[in-house]
Amino acid sequence: MDKKVEIYNIITKKRWNRSEPSLRKDITNRIPEFVTNQKPIKLIGFWGVGPKKKHNWADVASCEFLDKLNNEVKKIYNPGIEFTFIFATQHGIHNGIEENTINSYTKDIERLFKKFNFKYIYLETLWRKYSINFEKINKIYKNKKTGWWNKIENHLTIEKNAENRNLKLSSKEGAQKYYIMRD
C-alpha cells in the first residue's frame, strides 16, 4: 500500500478521531507534500483554557493519546507528526477566566508539551498578526441584523456550550460573540 494512503488511514482511524475529518481533501492533498520532502506531518489544533491553574490527568492523557498516534505513524513514516497547539487564551478571557489563571495554566502546559515535543503558540499572537481584538468583535456583534443568530446551524448547541463555559455573559450573548470570534 502507498505510504501516503497508510498515513492517511492511520490519522483518520476511528481510534484517533471522534468523527469524520472535516477537511478530508486538505488532509489528502497535504500528506504527499510532507512525505515527498521527508518532513513531519504538521497538525495544528486549539488547546483550551479554563478555570484551572495547573494541568491534570486529562491533559496528560490527551498528550499521551496524541503521542501514541504519532508513534503509530512513525512505524511507517519516521518523521512522524509535528503537533502545534494554539493556546486559546483569548477564548478563556472571553469566558471570564482570570488572566493569572490562564497564565499559570499555559506555563504549566508548556512544560508538559516539552515532554512530548509538542509546539505551541498563543492565540493573542495570531490576533495581533491579523488585527483581531475584542473591540472589533463587539462592533460586529452590535451591527448584526435581528434574527441572524437563528440562521446559524447548531446555534442552540453553541449556546449550551456557552452556558457551561462562560462565567460573565448570558449563554446567548456569549455564544454569539464566540461564534463571531471564531469566524
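Of the inter-residue distances, the one linking Ile7 atom CD1 with Asp2 atom CG reads 8.5 Å to the nearest 0.5 angstrom. To the nearest 0.5 Å, atoms CD1 (Ile109) and CG (Asp59) are separated by 4.0 Å. With values rounded to the nearest 0.5 angstrom, Ile180 atom CD1 is found 11.5 Å from Lys142 atom NZ. The NZ atom of Lys54 lies 12.0 Å from the CG atom of Leu112; values are rounded to the nearest 0.5 Å. Within the model, atoms CE of Met181 and NE2 of His91 stand 5.5 Å from one another, a figure rounded to the nearest 0.5 Å. With values rounded to the nearest 0.5 angstrom, Glu33 atom CD is found 4.5 Å from Arg30 atom CZ.
Glu6 has its side chain out of reach of Asn9: every pair of non-hydrogen atoms, C-beta onward, lies at least 4.5 Å apart. When side chains are defined from C-beta on, Asn100 counts as touching Lys53, because their heavy atoms get closer than 4.5 Å.
Heavy atoms only, all atoms of each residue included: Asn70 and Ile81 are closest at OD1-N, 2.7 Å. Across all their heavy atoms, Leu69 and Ile11 have their closest contact at CD1-CA, 4.3 Å. Of all non-hydrogen atoms in Gln176 and Tyr141, the two that sit nearest each other are OE1-CE1, 3.0 Å. Residues Lys177 and Ile137 share a closest heavy-atom pair of O-CG2, 3.8 Å. Closest of all the heavy-atom pairs between Ala162 and Gly174 is CB-C, 4.1 Å. Of all the heavy atoms in Ala58 and Asn56, the pair that sits closest is N-OD1, 2.9 Å.
By the 6.0 Å contact criterion, NZ on Lys139 is open, its count of non-hydrogen atoms from other residues, nucleotides or ligands being 12 or less. For Lys144, the NZ atom sits in a packed shell: over 12 heavy atoms of surrounding residues, nucleotides or ligands are nearer than 6.0 Å. Shown here is Lys52, whose NZ atom has more than 12 heavy atoms of other residues, nucleotides or ligands within 6.0 Å.
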Show, in sequence, the C-alpha distance, side-chain angles and deciding distance for Val60 and Glu64, and conclude whether the side chain to side chain contact (heavy atoms under 4.5 Å, CB included) test is met. CA-CA 6 Å; Val60 173; Glu64 288 171 344; 3.5 Å; yes
As a quick check of understanding, evaluate side chain to side chain contact (heavy atoms under 4.5 Å, CB included) for Leu66 and Leu43, giving each step before the final call. CA-CA 11 Å; Leu66 294 170; Leu43 294 181; over 6 Å; no
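Note on Lys107 versus Glu110: salt bridge recorded, some NZ/NE/NH1/NH2 to OD/OE distance being below 4.0 Å. Using a 4.0 Å cut-off between a side-chain N of Lys or Arg and a carboxylate O of Asp or Glu, Lys75 and Glu72 do not qualify as a salt bridge.
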Under 3.5 Å, which donor-acceptor pairs do the side chains of residues 148-159 form with other protein atoms, sequence neighbours left out?
from   : atom 1 : to     : atom 2 : distance (Å)
Trp149 : NE1    : Glu159 : OE2    : 2.7
His155 : ND1    : Ile152 : O      : 3.0

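Applying the ring pair (Phe, Tyr, Trp, His ring centres under 6.0 Å) rule to pairs touching residues 51-73 yields Trp16-Phe65, sequence neighbours excluded.
Between Tyr120 and Tyr122, the ring planes lie perpendicular to each other; the angle is over 60°, past the 30° to 60° tilted range.
The cationic atom of Arg182 (NZ for Lys, CZ for Arg) lies less than 6.0 Å from the six-membered ring centre of Phe46 and within 45° of the ring axis.
No donor-acceptor distance shorter than 3.5 angstrom exists from the side chain of Asp108 to the backbone of Ser104, with no hydrogens or angles considered. Looking only at distances, a side-chain donor or acceptor of Asn166 sits under 3.5 Å from a matching main-chain atom of His94. Between the side chain of Lys39 and the backbone N or O of Pro79 there is no donor-acceptor pair closer than 3.5 Å. For Asn71 (side chain) and Asp67 (main-chain N/O), a donor-acceptor pair under 3.5 Å exists by modelled atom type. Listed for the Asn138 side chain is no donor-acceptor partner under 3.5 Å among the backbone atoms of Glu135.
Hydrophobic clustering (ILVMFWY, side-chain heavy atoms < 4.5 Å, transitive): Phe134 and Leu169 are in distinct clusters. Both Phe83 and Phe34 are assigned to one and the same hydrophobic cluster, defined by single-linkage of ILVMFWY side chains at heavy-atom distances under 4.5 Å. Clustering ILVMFWY residues whenever any of their side-chain heavy atoms sit less than 4.5 angstrom apart, transitively, puts Ile93 in the very cluster that holds Trp47.
If you run ring-ring contact (aromatic ring centres under 6.0 Å, His included) between Phe87 and each of Phe113, Phe118, Trp127, Tyr105, only Phe113 comes through.
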